[in-house]
Amino acid sequence: MLRITLIRLISVVPVLFGISVISFLVIRMIPGDVISSIMGQDFGDPAIEAEMRRYFGLDMPVYEQFVRWLGALVQGDLGTSMRTGQPVLEEIMQRFPSTLLLAVSALLVSILISIPLGVLSATKRNGLLDASTRVASLIGLSLPNFWLGILLVYIFSVSLGWLPSQGAGEGEGFLGSLKYLVLPSVTLGASLAAISMRMTRSSMLEVLNQDYVRTARAKGLGERGVMVRHALRNSLIPVVTVLGIQAGALLGGTVIVEQVFAWPGLGTMVIRGISQRDYPVVQGTLLFLAFFYVVVNLLVDLLYTYLDPRLRSGH
């Protein structure tokens with residue numbers, strides 16, 4: 001197990017290097033740079049423009065800029081924002097808790113909806129509940145996050161006035177800020193719930209037809225015991241796969257949702273960095289999100305060993 005973990009950790013290095021190269025080049029393909037963003041199209045004094053380019057290192061060839069940034073990255077320095085002058089890692093740490101809170105809330109919404117409905121759909125196969133959940137999952141997969149978010153804002157904020165439409169409720173305390181979390185977490189978790197519900201249903205149907213489930217019933221074990229001790233635990237293995245992959249992807253998916261609800265997380269930070277051509281902010285944030293995604297997938301692999309005894313025994 002330790003060997004597998006070390007191999008996965010080592011494999012992170014080329015992945016992060018590739019992402020750093022792509023993010024470094026793509027952001028520079030966008031017309032304009034931070035100087036034009038700050039000063040506008042009419043630069044005024046060419047001497048000031050030249051001095052600013054030299055200060056930010058934009059007067060160097062692109063490959064030299066990359067080597068310089070990579071050298072700082074190896075030392076744990078993600079650079080300094082060209083706009084605010086703050087270290088990028090410091091800005092990320094300020095906003096990451098908000099993004100993590102939104103992602104975890106969306107994941108909880110997905111789990112609370114998908115697993116119970118998936119199990120019920122499998123046990124009531126071909127019934128009204130089964131048909132309803134399959135239609136609901138199809139709708140959830142078809143709705144774009146931004147459209148669903150706008151729809152929820154119109155219904156629950158504009159029409160009914162039950163929930164706030166923007167912000168994170170700073171200064172209102174924990175309980176007061178929860179109402180700001182409802183709409184964005186439901187918006188973000190809806191598509192994941194649809195995927196997980198379909199996966200839970202199909203996995204449960206497969207497990208319920210296994211010999212050990214029929215044997216447990218033949219021994220007189222109650223239906224609840226069969227479901228919880230045998231069927232559900234084994235059917236969760238592929239579901240955990242989907243949830244693990246999507247959990248990491250949720251951090252990237254918050255970009256659009258944070259824009260819709262003005263949520264102060266990494267998504268709004270990346271969009272701001274792109275619009276302002278703040279290269280270190282975009283590069284550092286994307287690299288941080290990629291690293292977190294890889295870590296989440298590693299944790300999912302470790303969770304497999306708990307859910308599947310065959311992995312622990314080496315068979």
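Quick caveat, the model's predicted, so the values are computed rather than measured. Reckoned from all heavy atoms, side chains included, excluding hydrogens, waters and symmetry mates.
Contact detail for Asn145 and Ser191: the closest heavy-atom pair is OD1-OG, 4.0 Å. Closest approach of Gly273 to Val281, counting heavy atoms only: CA-CG1, 4.3 Å. Between Thr133 and Met197 the shortest heavy-atom distance is O-CE, 3.4 Å. Shortest non-hydrogen contact noted between Thr187 and Val257 is CG2-CG2, 4.2 Å. Shown here for Trp263 and Tyr180, the closest heavy-atom pair between the two residues is CZ3-O, 3.7 Å. Closest non-hydrogen pair, Ile115 versus Thr200, comes out as O-CG2, 3.9 Å.
Checking side-chain atoms of Ser81 against main-chain N and O of Val88 turns up no donor-acceptor pair under 3.5 Å. Not one N or O on the side chain of Ser157 forms a donor-acceptor pair closer than 3.5 Å with the backbone of Tyr154.
Rounding to the nearest 0.5 angstrom, the gap separating the CD1 atom in Ile150 from the OG atom in Ser165 is 11.5 Å. In this structure, CG on Leu192 lies 8.0 Å from CD1 on Ile111, to the nearest 0.5 angstrom. The distance from atom CG of Asp278 to atom OG1 of Thr285, rounded to the nearest 0.5 Å, is 9.0 Å. Atoms CG and OG, on Leu120 and Ser132 in that order, are 12.0 Å from each other to the nearest 0.5 Å. Taken to the nearest 0.5 Å, the CH2 atom of Trp147 stands 9.0 Å off from the CG atom of Leu152. Interatomic distance, CZ of Arg134 versus CG of Leu129, reported as 10.5 Å (0.5 Å rounding).
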Open item on the list: Could you go through Phe261 and Val153, starting from their C-alpha distance and side-chain angles, then the distance that decides it, and tell me whether this counts as side-chain contact (heavy atoms from CB on, under 4.5 Å)?
Closed with: CA-CA 9 Å; Phe261 294 97; Val153 167; 3.4 Å; yes

- [ ] Walk me through it: do Leu266 and Phe288 pass the test side-chain contact (heavy atoms from CB on, under 4.5 Å)?
- [x] CA-CA 10 Å; Leu266 293 180; Phe288 179 85; 4.1 Å; yes

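Applying the side-chain hydrogen bond (donor to acceptor under 3.5 Å, both in side chains) definition to pairs two or more places apart or across chains, those involving residues 90-112 are Thr84-Glu91, Glu91-Arg272, Arg95-Thr268, Thr99-Glu258.
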Using distance only, find each side-chain donor-acceptor pair of residues 16-27 under 3.5 Å and give its atom names and separation, not counting sequence neighbours.
from, atom 1, to, atom 2, distance (Å)
Ser20, OG, Leu16, O, 3.4
Ser20, OG, Phe17, O, 2.5
Ser23, OG, Ile19, O, 3.0
Ser23, OG, Ser20, O, 3.1

Which donor-acceptor pairs under 3.5 Å do the side chains of residues 63-70 make with protein atoms, sequence neighbours left out?
from, atom 1, to, atom 2, distance (Å)
Gln65, OE1, Arg28, NE, 3.4
Gln65, OE1, Arg28, NH2, 3.4
Gln65, NE2, Met60, O, 2.8

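Counting only heavy atoms from C-beta outward, the side chains of Leu287 and Leu73 approach each other to under 4.5 Å.
Linking ILVMFWY residues whenever their side-chain heavy atoms come closer than 4.5 Å, directly or via other members, places Val260 and Leu160 in the same cluster. No continuous path of hydrophobic side-chain contacts links Leu112 to Met204 [ILVMFWY only; heavy atoms under 4.5 Å]. Placement of Leu138 and Ile113 in two distinct hydrophobic clusters is found when ILVMFWY residues are connected by side-chain heavy-atom separations under 4.5 Å, directly or transitively. Under the 4.5 Å side-chain heavy-atom criterion for ILVMFWY residues, a single connected hydrophobic cluster contains both Leu151 and Val135.
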